[in-house]
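Here's the structure, in structure tokens; my notes come after.
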Amino acid sequence: MRIAILVEGATETAFKPILENFLKSRLQQTMPELKFIRYDGRIPKKEKLKRSVENLLTGRDAFNAVIALTDVYTGTNDFQDAADAKTKMTDWVGNNPNFYPHTAQYDFEAWLLPYWSTIQKLAGHNKSVPGGLPEQVNHNKPPSYHIKEIFEIGKCKNSYSKIRDVKRILKNQDLIVSVNQCPELKAFINTILSLCEVNLIP
């Protein structure tokens with residue numbers, strides 16, 4: 001099984017090893033080949049997304065499936081929420097059974113909020129975790145802004161860096177903690193598990 005995952009560059013660098021370690025613990029001998037396709041900035045949209053997906057599925061080294069993973073908050077107003085993002089990506093690509101749109105609501109950092117105590121330690125501040133479920137945190141300030149804020153007011157004296165700090169936040173953590181609090185993350189991982197024909201996370 002060969003799966004291509006379309007992501008923006010910083011997410012690939014930060015999240016790929018964490019995801020692979022989690023999947024290996026569940027899949028072992030059925031672990032798929034995951035190829036992260038990096039884009040500087042957001043992943044493509046409309047006709048560019050369609051062409052990218054079709055090329056990956058039909059080229060000489062064709063993949064069995066393509067997953068697009070985007071944030072809802074992209075700095076533009078393209079998407080209202082996760083459902084809208086997935087609907088639009090599906091419409092852009094067309095009726096392709098081997099394309100699976102997924103999204104982090106509102107941004108990737110929602111999946112880090114369940115590890116807030118670690119974020120507090122790294123930032124050197126006891127600012128409380130944003131209220132509500134991680135993927136419902138927005139209030140015109142998506143999760144990445146909350147993490148950036150605690151880093152900047154804390155004793156660490158550094159602003160939040162996705163490339164540097166995601167690995168530090170998730171080091172030695174069990175990703176299932178976030179999976180159980182973040183339905184969009186669970187859906188993304190369950191798509192991979194389904195493609196590998198193993199039991200899904202309930």
Side-chain angles (χ1 to χ4, degrees), residues 1-8 10-28 30-37 42-43 53 63-74 79-90 93 96-119 129-138 142-144 146-147 162 165-167 169-202:
M1 174 62 63
R2 302 182 71 235
I3 303 172
I5 303 177
L6 312 184
V7 293
E8 60 92 8
T11 298
E12 187 270 346
T13 302
F15 190 51
K16 182 181 180 183
I18 308 298
L19 174 66
E20 288 183 330
N21 286 339
F22 178 77
L23 290 172
K24 284 175 184 175
S25 70
R26 291 180 166 266
L27 294 171
Q28 299 175 358
T30 57
M31 180 71 186
E33 177 188 341
L34 299 180
K35 174 72 172 179
F36 277 62
I37 311 296
R42 60 173 297 168
I43 67 171
V53 170
F63 290 87
N64 302 102
V66 176
I67 297 173
L69 180 61
T70 185
D71 290 350
V72 168
Y73 180 80
T74 62
F79 307 133
Q80 295 177 4
D81 54 26
D84 181 53
K86 288 184 280 190
T87 296
K88 284 180 177 171
M89 287 191 288
T90 298
V93 170
N96 192 321
N98 297 313
F99 173 67
Y100 302 87
H102 283 282
T103 182
Q105 176 156 286
Y106 285 84
D107 60 22
F108 169 81
E109 280 73 11
W111 300 348
L112 303 180
L113 295 184
Y115 311 102
W116 192 257
S117 61
T118 298
I119 293 170
V129 64
L133 293 173
E135 290 182 335
Q136 294 177 359
V137 172
N138 186 22
S144 58
H146 289 275
I147 297 176
K162 181 181 287 191
D165 294 319
V166 169
K167 293 177 182 178
I169 293 166
L170 293 178
K171 183 179 179 181
N172 300 324
Q173 305 281 10
D174 189 345
L175 195 60
I176 197 68
V177 173
S178 186
V179 168
N180 286 334
Q181 295 184 45
C182 301
E184 297 300 334
L185 175 58
K186 181 184 287 187
F188 166 66
I189 289 178
N190 273 341
T191 288
I192 299 174
L193 298 179
S194 176
L195 288 166
C196 297
E197 300 181 344
V198 299
N199 292 334
L200 306 186
I201 300 170

* Asked: Any side-chain heavy atom of P143 within less than 4.5 Å of one from L112?
  -> no
* Asked: By salt bridge (charged side-chain N to carboxylate O under 4.0 Å, His left out), which residues pair with D84, not counting sequence neighbours?
  -> K88
* Structure fact -> Here the pair of heavy atoms bringing I192 nearest to L19 is CD1-CD2, 4.4 Å
* **Heavy atoms from other residues, nucleotides or ligands near NZ of K35 exceed 12 (cutoff 6.0 Å)** => no
* Short side-chain to backbone donor-acceptor contact, T103 and T70, under 3.5 Å -> yes
* Asked: Could you give all pairs that pass the salt bridge (charged side-chain N to carboxylate O under 4.0 Å, His left out) test and reach residues 173-184, with sequence neighbours left out?
  -> K86-E184
* How long is the span from the CD1 atom in I119 to the NE2 atom in H146, to the nearest 0.5 Å? -> 11.0 Å
* **L27 versus P32, closest heavy-atom pair with distance** => CD1-CD, 3.5 Å
* To do: Locate the shortest heavy-atom distance separating N190 from I201; write the atom from each residue and the value.
  => OD1-N, 2.8 Å
* **Backbone N/O of P202 and side chain of K186: donor-acceptor pair under 3.5 Å** => yes
* Measure the CZ-CG distance between F99 and L6 for me, rounded to the nearest 0.5 Å. => 7.0 Å
* Considering only heavy atoms from C-beta outward, does the side chain of T90 approach that of T87 to under 4.5 Å? -> no
* Asked: Sequence neighbours excluded, which residues qualify as salt bridge (charged side-chain N to carboxylate O under 4.0 Å, His left out) partners of E33?
  -> R2
* Asked: For residues 63-73, which residue pairs qualify under salt bridge (charged side-chain N to carboxylate O under 4.0 Å, His left out), counting only residues two or more places apart or in two chains?
  -> none
* **Side chain proximity check, L34 to L23, heavy atoms < 4.5 angstrom** => yes
* Asked: Do I189 and R26 come close enough that some side-chain heavy atom pair is under 4.5 Å?
  -> no
* **Shortest non-hydrogen contact between I169 and Y115, atoms and distance** => CG2-CB, 4.0 Å
* Is there a side-chain contact between D165 and I147, using heavy atoms and a 4.5 Å cut-off? -> no
* Asked: Can you name the side chain to side chain contact (heavy atoms under 4.5 Å, CB included) partners of S194, sequence neighbours left out?
  -> L200
* **Residue list, side chain to side chain donor-acceptor pair (under 3.5 Å) with T118, at least two apart or on another chain** => Q173
* Structure fact -> Rounded to the nearest 0.5 Å, the CG atom of L113 sits from the SG atom of C182 at a distance of 7.5 Å
* Asked: Can you check whether F108 reaches S144 side chain to side chain, under 4.5 Å on heavy atoms?
  -> no
* Provide the closest heavy-atom pair for D81 versus V72 in the form atom of the first, atom of the second, distance. => C-CG2, 3.5 Å
* Only counting residues at least two apart or in another chain, list the ones meeting ring pair (Phe, Tyr, Trp, His ring centres under 6.0 Å) with F63. => none
* To do: Please determine, by modelled atom types, if W111 and E135 share a side-chain donor-acceptor pair under 3.5 angstrom.
  => yes
* Could you pull out all residues at least two apart from N98 that satisfy side chain to side chain donor-acceptor pair (under 3.5 Å)? => none
* **side chain to side chain contact (heavy atoms under 4.5 Å, CB included) involving V129 - partner list, sequence neighbours excluded** => W116
* Considering residues at least two apart in sequence or located in another chain, which fulfil the side chain to side chain contact (heavy atoms under 4.5 Å, CB included) criterion with A65? -> Y100, L195
* Any I43 side-chain heavy atom under 4.5 Å of M89 side chain -> yes
* L175 and F15: CA distance, side-chain angles, deciding distance, side chain to side chain contact (heavy atoms under 4.5 Å, CB included) verdict -> CA-CA 11 Å; L175 195 60; F15 190 51; 4.3 Å; yes
* By salt bridge (charged side-chain N to carboxylate O under 4.0 Å, His left out), which residues pair with K162, not counting sequence neighbours? -> E8, E109
* Close side-chain approach of F36 to L69, heavy-atom, < 4.5 Å -> no
* Asked: Hey, does the side chain of Q105 reach the backbone of A82 with a donor-acceptor pair shorter than 3.5 angstrom?
  -> yes
* **Pairs flagged by salt bridge (charged side-chain N to carboxylate O under 4.0 Å, His left out) wherever residues 13-22 is involved - sequence neighbours left out** => none
* To do: Taking all heavy atoms of P142 and all of Y106, pick out the closest pair and write down the distance.
  => CB-CB, 4.2 Å
